[in-house]
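Take a look at the structure below.
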Amino acid sequence: VYPSYKTPLLFKSEQGLEWREVLFGLVPKWAEDINISKHTYNARHETIFQKPSFQESANKCKFGVIPVTEFYESKYIDNKPQRWAVKRKDGRAFYIAALYEIRKLNEKI
């Protein structure tokens with residue numbers, strides 16, 4: 001899944017645990033464009049309460065999980081980024097932590 005692509009998210013709602021299809025990459029309520037998701041897909045736990053993009057969701061404990069079989073991180077070798085897969089040895093799915101914001105996307109976005 002790439003930023004602004006759809007992915008499933010599991011979160012706690014008033015009805016209990018709920019799966020929803022969401023955009024990968026947080027789109028804050030104040031954002032005018034979903035292109036911000038290209039910059040908000042990788043929150044750092046050290047700064048989620050300070051960064052404007054993540055602050056409201058973090059303060060309101062809007063946490064969830066996204067199921068994956070692998071994800072990719074850049075590893076720099078000889079000052080060149082290379083994509084390295086992170087996955088379980090047995091190939092089974094696992095969850096990555098997520099922040100979410102519920103908002104209506106209008107035509108402008």
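One is the number of the first residue; the rest follow in order along the sequence.
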**Asked** Out of curiosity, Lys62 NZ to Ile102 CD1, how far, rounded to the nearest 0.5 Å?
**Response** 6.0 Å

**Asked** Rounded to the nearest 0.5 Å, what separation is found between the OG atom of Ser74 and the CZ atom of Arg83?
**Response** 8.0 Å

If you count every heavy atom of other residues, nucleotides or ligands that lies below 6.0 Å from [X] atom [atom1], does the total exceed 12?
X: Asp90; atom1: CG; value: yes
X: Lys51; atom1: NZ; value: no
X: Gln15; atom1: CD; value: yes

Lys/Arg N to Asp/Glu carboxylate O, [X] vs [Y], below 4.0 Å:
X: Lys12; Y: Glu18; answer: no
X: Arg44; Y: Glu46; answer: yes
X: Glu73; Y: Lys75; answer: no

**Prompt:** Short question: side chain of Arg103, backbone of Pro28 - any donor-acceptor pair under 3.5 Å?
**Reply:** yes

**Message:** Looking at Gly16, is its backbone amide N or carbonyl O close enough to the side chain of Ser13 to form a donor-acceptor pair, meaning the two atoms are under 3.5 Å apart?
**Reply:** yes

**Request:** Could you list the residues that satisfy side-chain contact (heavy atoms from CB on, under 4.5 Å) with Lys6, not counting sequence neighbours?
**Result:** Glu21, Leu23

**Request:** Following the transitive rule for hydrophobic clusters with a side-chain heavy-atom cut-off under 4.5 Å over Ile, Leu, Val, Met, Phe, Trp and Tyr, establish whether Leu9 and Phe94 coincide in one cluster.
**Result:** yes

Compare every heavy atom of [Y] with every heavy atom of [X], then report the nearest pair and how far apart it is.
X: Val27; Y: Ala31; value: CG1-CB, 4.1 Å
X: Ala93; Y: Arg88; value: O-CD, 3.9 Å
X: Ile34; Y: Ser4; value: CD1-CB, 4.3 Å

**Item:** salt bridge (charged side-chain N to carboxylate O under 4.0 Å, His left out) involving Lys60 - partner list, sequence neighbours excluded
**Value:** Glu56

**Pairing residues for Asp78 by the salt bridge (charged side-chain N to carboxylate O under 4.0 Å, His left out) criterion, not counting sequence neighbours** = none

**Fill in**
Joining Ile, Leu, Val, Met, Phe, Trp and Tyr whenever any side-chain heavy atoms lie under 4.5 Å apart, the cluster holding Ile48 also takes in Leu26, Phe49, Phe54, Phe63, Leu99

**Request:** Walk me through it: do Leu17 and Leu10 pass the test side chain to side chain contact (heavy atoms under 4.5 Å, CB included)?
**Result:** CA-CA 7 Å; Leu17 293 178; Leu10 179 65; 4.0 Å; yes

**Message:** Does any part of the side chain of Thr7, heavy atoms only, come nearer than 4.5 Å to the side chain of Val22, both counted from C-beta?
**Reply:** yes

**Message:** Between Gln55 and Gln50, is the side chain to side chain contact (heavy atoms under 4.5 Å, CB included) condition met? List the steps.
**Reply:** CA-CA 6 Å; Gln55 194 171 35; Gln50 287 83 37; 5.7 Å; no

**Message:** Apply side chain to side chain contact (heavy atoms under 4.5 Å, CB included) to residues Ser53 and Ile36 and explain how you reach the verdict.
**Reply:** CA-CA 9 Å; Ser53 298; Ile36 194 169; 4.1 Å; yes

**Prompt:** Going by the ring-ring contact (aromatic ring centres under 6.0 Å, His included) test, which pairs reach into residues 3-44, not counting sequence neighbours?
**Reply:** Tyr2-Tyr5, Phe11-Tyr100

**Asked** For residues 65-86, which residue pairs qualify under ring-ring contact (aromatic ring centres under 6.0 Å, His included), counting only residues two or more places apart or in two chains?
**Response** none

